[in-house]
There are 2 protein chains.
Amino acid sequence: MPIQLSPGDLPVVAGTGPDVCARPALVSDPIDEASAAGLAQVFRALGDPVRLRLLSLIGAREGGEACVCDLTSAFDLSQPTISHHLRVLREAGLIDSDRRGTWVYYRLVPSALERMAGLLSVPLG
Amino acid sequence: MPIQLSPGDLPVVAGTGPDVCARPALVSDPIDEASAAGLAQVFRALGDPVRLRLLSLIGAREGGEACVCDLTSAFDLSQPTISHHLRVLREAGLIDSDRRGTWVYYRLVPSALERMAGLLSVPLG
DNA sequence: GGGCTTCATAGATGTCTGTCGATACAGAAG
DNA sequence: CTTCTGTATCGACAGACATCTATGAAGCCC
């Protein structure tokens, strides 16, 4: 069990709860260091071209999910590298995985994406 | 001249144009490598706790701007380090600077923030 | 069981990045 | 012009990260 998230420092929303528009708006109020650290982890996960394209490929897939083999074939990178990027996205709470037989399917976590979107929404400018 | 942005791969919005809700939605359509690289730069700029707090401090300031001295005093970091982070945010197009006398004032670029927010908005889930 | 396919993990390596102290630059003030 | 204050840049260095190859683990099929 090598990767264990300490639940305190990752402010990831659980499940797909409808509390999306709480408008915590990064920009309207100074955030504390702990929140900043948690949010930065998620933005850092988004801060790689490969991972952005992975999200994009998963989301564009009909059914909203894609298996690793499909994703790997879309890049000029080794399979372990893709697996690594998927792990980063999963640890950030942006995607979720689900094994079905031999294949592992990944899908987006919409609430996590919406939450980050809400943070960047400027209240008044 | 160590850091030079090639204007092609940074899809930064110029100024505060009102083309905010074009809904390019990262997730609805697979993005190409060039777009991914440009967007990743902006997300990477957001992927640091100090930079998130800087954005937050600037945005929360009345008048929407803050001088470097105010920002530096809010952290336990050296002034060059804060200056470095501000540069990363500026090169990502997230903030803009303006010298008035001895002081340099930074303010948010709302259109850039909105653009990133729009990318993360999930069309249907 | 043995082999095959799909995916994850481990370890190594080169590059990027956050941080610092030292220094240079710009403007105000004497 | 000199000095002082506020910012930016430079060079260095430690830690993080993206990538690879090799290997392990899980599930199917013969």
Colleague: Do any side-chain nitrogens or oxygens of Tyr106(A) fall under 4.0 Å of OP1 or OP2 in dA8(C)?
Modeller: yes
Colleague: Could you check how far CD of Gln79(B) sits from P of dT9(D), rounded to whole Å?
Modeller: 11 Å
Colleague: Whole angstrom is fine here: how far is it from CG in Leu71(A) over to C1' in dA8(C)?
Modeller: 15 Å
Colleague: Using whole Å, what does the distance between atom C1' of nucleotide dC17(D) and atom CZ of Arg44(A) come to?
Modeller: 10 Å
Colleague: Expressed in angstrom and rounded to an integer, what is the separation of Phe43(A) atom CZ from dA16(D) atom P?
Modeller: 22 Å
Colleague: Out of dC10(D), dC17(D), dT9(C), which nucleotide sits closest to the side chain of Ser83(A)?
Modeller: dT9(C)
Colleague: Toward the 5' end of DNA chain D, which comes first, Arg100(A) or Val104(B), by nearest nucleotide?
Modeller: Val104(B)
Colleague: Starting at CD1 of Ile82(B) and ending at P of dT9(D), how long is that distance when rounded to a whole Å?
Modeller: 15 Å
Colleague: Identify the two heavy atoms, one from Val109(A) and one from Ile95(A), that lie closest to each other, and give their separation to 0.1 Å.
Modeller: CG2-C, 3.7 Å
Colleague: In residues 45-60 of chain B, what residues come within less than 4.0 Å of DNA chain C, judged by heavy atoms?
Modeller: Asp48(B), Arg51(B)
Colleague: Taking only the side-chain heavy atoms of His85(A) (C-beta and beyond), determine which of dA18(D), dG18(C), dT9(D) contains the nearest atom.
Modeller: dA18(D)
Colleague: Taking only N and O in the side chain of Ser78(B), is any of them less than 4.0 Å away from OP1 or OP2 of dT19(C)?
Modeller: no
Colleague: For Ser97(B) and Arg90(B), work out which heavy atoms get closest and say how close.
Modeller: OG-CD, 3.7 Å
Colleague: Keeping Ser73(B) on the side-chain end and Asp70(B) on the backbone end, is there a donor-acceptor pair under 3.5 Å?
Modeller: yes
Colleague: Within this structure, what is the NE2-to-C1' distance between His84(B) and dA22(C), rounded to whole angstrom?
Modeller: 17 Å
Colleague: More 5' along DNA chain C: Leu86(A) or Pro80(B), using each one's nearest nucleotide?
Modeller: Leu86(A)
Colleague: Cys67(A) and Trp103(A): which non-hydrogen atoms are nearest, and at how many Å?
Modeller: SG-CD1, 3.9 Å
Colleague: List the atom of Ala45(A), the atom of Val88(A), and the distance in Å for their closest heavy-atom pair.
Modeller: CB-CG1, 3.9 Å
Colleague: Once you round it to whole Å, what is the distance between P of dA25(D) and CZ of Arg99(A)?
Modeller: 13 Å
Colleague: Tell me the interatomic distance from Phe75(B), atom CZ, to dC20(C), atom C1', rounded to whole angstroms.
Modeller: 17 Å
Colleague: Taking the side chain of Thr102(A) as heavy atoms from C-beta outward, which of dA8(D), dT19(C), dC28(D) is closest to it?
Modeller: dC28(D)
Colleague: Any donor-acceptor pair under 3.5 Å linking the side chain of Arg51(B) with the backbone of Arg44(B)?
Modeller: yes
Colleague: Give the nucleotide from the list dC7(C), dT7(D), dT17(C) with an atom nearest to the side chain of Cys67(A).
Modeller: dC7(C)
Colleague: Which nucleotide sits closest to the side chain of Arg87(B): dT9(C), dT7(D), dT9(D)?
Modeller: dT9(D)
Colleague: Report yes if the side chains of His85(B) and Leu71(B) come closer than 4.5 Å at any heavy-atom pair, otherwise no.
Modeller: no
